[in-house]
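Here is the structure we will look at.
Computed from a prediction, not measured in an experiment: that's the story for all the values here.
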Amino acid sequence: MRSLRRRPKLVLVMLCAAAVLAARPTAADGGYGGEYGDGPAADSGLSTRVARLYEDAAVATRRYEAGRRAAEAAQGRARKQEELLGRERRELAGLRDDLGRIARAQYRDGGGVPLAAQILRADGPDELMRGQHAFSRANVALDHAIGTSRRAAARLAADESRAKAAWKAVERRRTELAGLKKDIEDKLEQARWELQGRADASVAAGACRGAVRLDQPERDSSQAWVTPVETYTLSAGFGSEGTRWANRHTGQDFAVPIGTPVRAVGAGRVVRVSCGGSFGIGIVLRHDDGYYTQYAHLAAVTVDQGDSVTSGQWIGQSGTSGNSTGPHLHFEARVTPEAGSAVDPVKWLAARGVSLG
């Protein structure tokens, strides 16, 4: 695995199969056109379900990521709130210290002595009035301090309660989103392998089931050439050595989950749809410049032999059929439609303005 490329347009918009065409015979290796098991209608429904689950998974992932970002933002606000609460706690502690000092001062200055005793102890009316005036000021200060302390305590309690409730709400929402995301991913994984199971049965029977016609997403018509899948991890490259190949690897592998939409890299015509052999379910396109591209190890196809395709059009769904050790798309660029005429697909795409960085 050498690089990871993510494109912004990750949302897949598939709805339902428009039609399932009857299979047509071909001279391609493995044949194309027989029905197996419960037939193309079931394949159409399964492929559509996988496509819908991909869309649901993308939506769930976006919502989960939005929830995660909201949780991170809430954490930042919670930290600031904690700083504010800390200041409020220190302020409240200071107010309580002030109350203690006022109370002690009042006691020392005679604030706790009955009025009759103060009259007897005073040297005269002026001293008595001064004492009473000081006593009144002390009482006002004490009352103010008590009120301020109570208001600060109430504000602190309310702020703590709000902060706790907000954090619980964020955590609850994030947990719900994580559960939703996992549920959709579990369903998608089950549907992927169900789709692959049907593909394996077709390969074993040597007869593909026919094209599953899925609604196509909107495409950027200004792009004459595109990558064969939108989001991928590059794995085995052209010319690689390995025990899985008789000589050297003849294409570029894209590690993607089963059911990932596979795109025509450029406009052209379908010259072969095959089922069987080391490549499993595969498609070969002839492009307007005379070159050919192959898409192998598929789980399903969405085109028939002879169809015209446009750049970026979905032509199949990835899988792990044929001689494959795991889900991936094997992509080749060829001089002829036959194996053995492959050229380096990375350089071939780069010459057409498509980088696989």
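- Scanning both residues, V262 and Y295, for their nearest heavy atoms gives CG1-CD2, 3.7 Å.
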Check: So Q196 and D200, side-chain hydrogen bond (donor to acceptor under 3.5 Å, both in side chains) or not? Walk me through it.
Finding: CA-CA 6 Å; Q196 183 59 46; D200 291 340; 2.8 Å; yes
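- Shortest non-hydrogen contact noted between V229 and P261 is CG1-O, 3.6 Å.
- Here the straight-line distance linking atom CD of Q305 with atom CD1 of I283 works out to 11.0 Å at 0.5 Å rounding.
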Next item on the list: Output, in order, the C-alpha distance, side-chain angles, deciding distance and verdict of side-chain hydrogen bond (donor to acceptor under 3.5 Å, both in side chains) for E332 and T250.
Entry: CA-CA 7 Å; E332 289 190 14; T250 54; 2.5 Å; yes
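- Here the OG1-CG distance, from T227 to L349, works out to 8.0 Å after rounding to the nearest 0.5 Å.
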Item checked: Pair D304-V270, side-chain contact (heavy atoms from CB on, under 4.5 Å): steps then yes or no -> CA-CA 7 Å; D304 281 312; V270 181; over 6 Å; no
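- Across every non-hydrogen atom of S341 and T336, the tightest pair is OG-OG1, 2.8 Å.
- Residues R352 and V265 are not in side-chain contact: their nearest non-hydrogen atoms beyond the backbone lie 4.5 Å or more apart.
- The side-chain contact (heavy atoms from CB on, under 4.5 Å) test with Y232 singles out one residue from L356, T260, D253, L329, and that residue is L356.
- Annotation for A264 and L285: closest pair CB-CD1, 3.6 Å, computed over non-hydrogen atoms.
- Cation-pi check for R272 over Y292 is not met; the charged atom does not lie both under 6.0 angstrom from the ring centroid and within 45 degrees of its normal.
- Side-chain N or O atoms of R269 include one that pairs as donor or acceptor with a backbone N or O of G306 at under 3.5 Å.
- In this structure, S318 contributes its side chain and L298 its backbone to no donor-acceptor pair below 3.5 Å.
- Residue F279 is not grouped with residue V343 when hydrophobic side chains (ILVMFWY) are merged at heavy-atom distances under 4.5 angstrom, including chains of intermediate members.
- V354 is not connected to V226 by any chain of hydrophobic side-chain contacts under 4.5 Å among Ile, Leu, Val, Met, Phe, Trp and Tyr, and they are in different clusters.
- The pair R192-E189 counts as a salt bridge, with a side-chain nitrogen and a carboxylate oxygen less than 4.0 angstrom apart.
- Below 30°, between 30° and 60°, or above 60°: for F254 and F331 the angle between ring planes is above 60°, a perpendicular geometry.
- Contact check on K187 versus D56 returns no salt bridge, with no Lys/Arg side-chain nitrogen under 4.0 Å from an Asp/Glu carboxylate oxygen.
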Item checked: Evaluation steps, side-chain contact (heavy atoms from CB on, under 4.5 Å), between V256 and T231 -> CA-CA 8 Å; V256 289; T231 304; over 6 Å; no
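- Contact detail for A299 and A199: the closest heavy-atom pair is O-CB, 3.3 Å.
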Next item on the list: Please assess L188 against V50 for the test side-chain contact (heavy atoms from CB on, under 4.5 Å), listing each intermediate value before the final yes or no.
Entry: CA-CA 6 Å; L188 177 57; V50 170; 4.2 Å; yes
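- To the nearest 0.5 Å, atom NE2 of residue H297 and atom OG of residue S321 are 7.0 Å apart.
- Contact detail for A224 and S311: the closest heavy-atom pair is O-OG, 3.1 Å.
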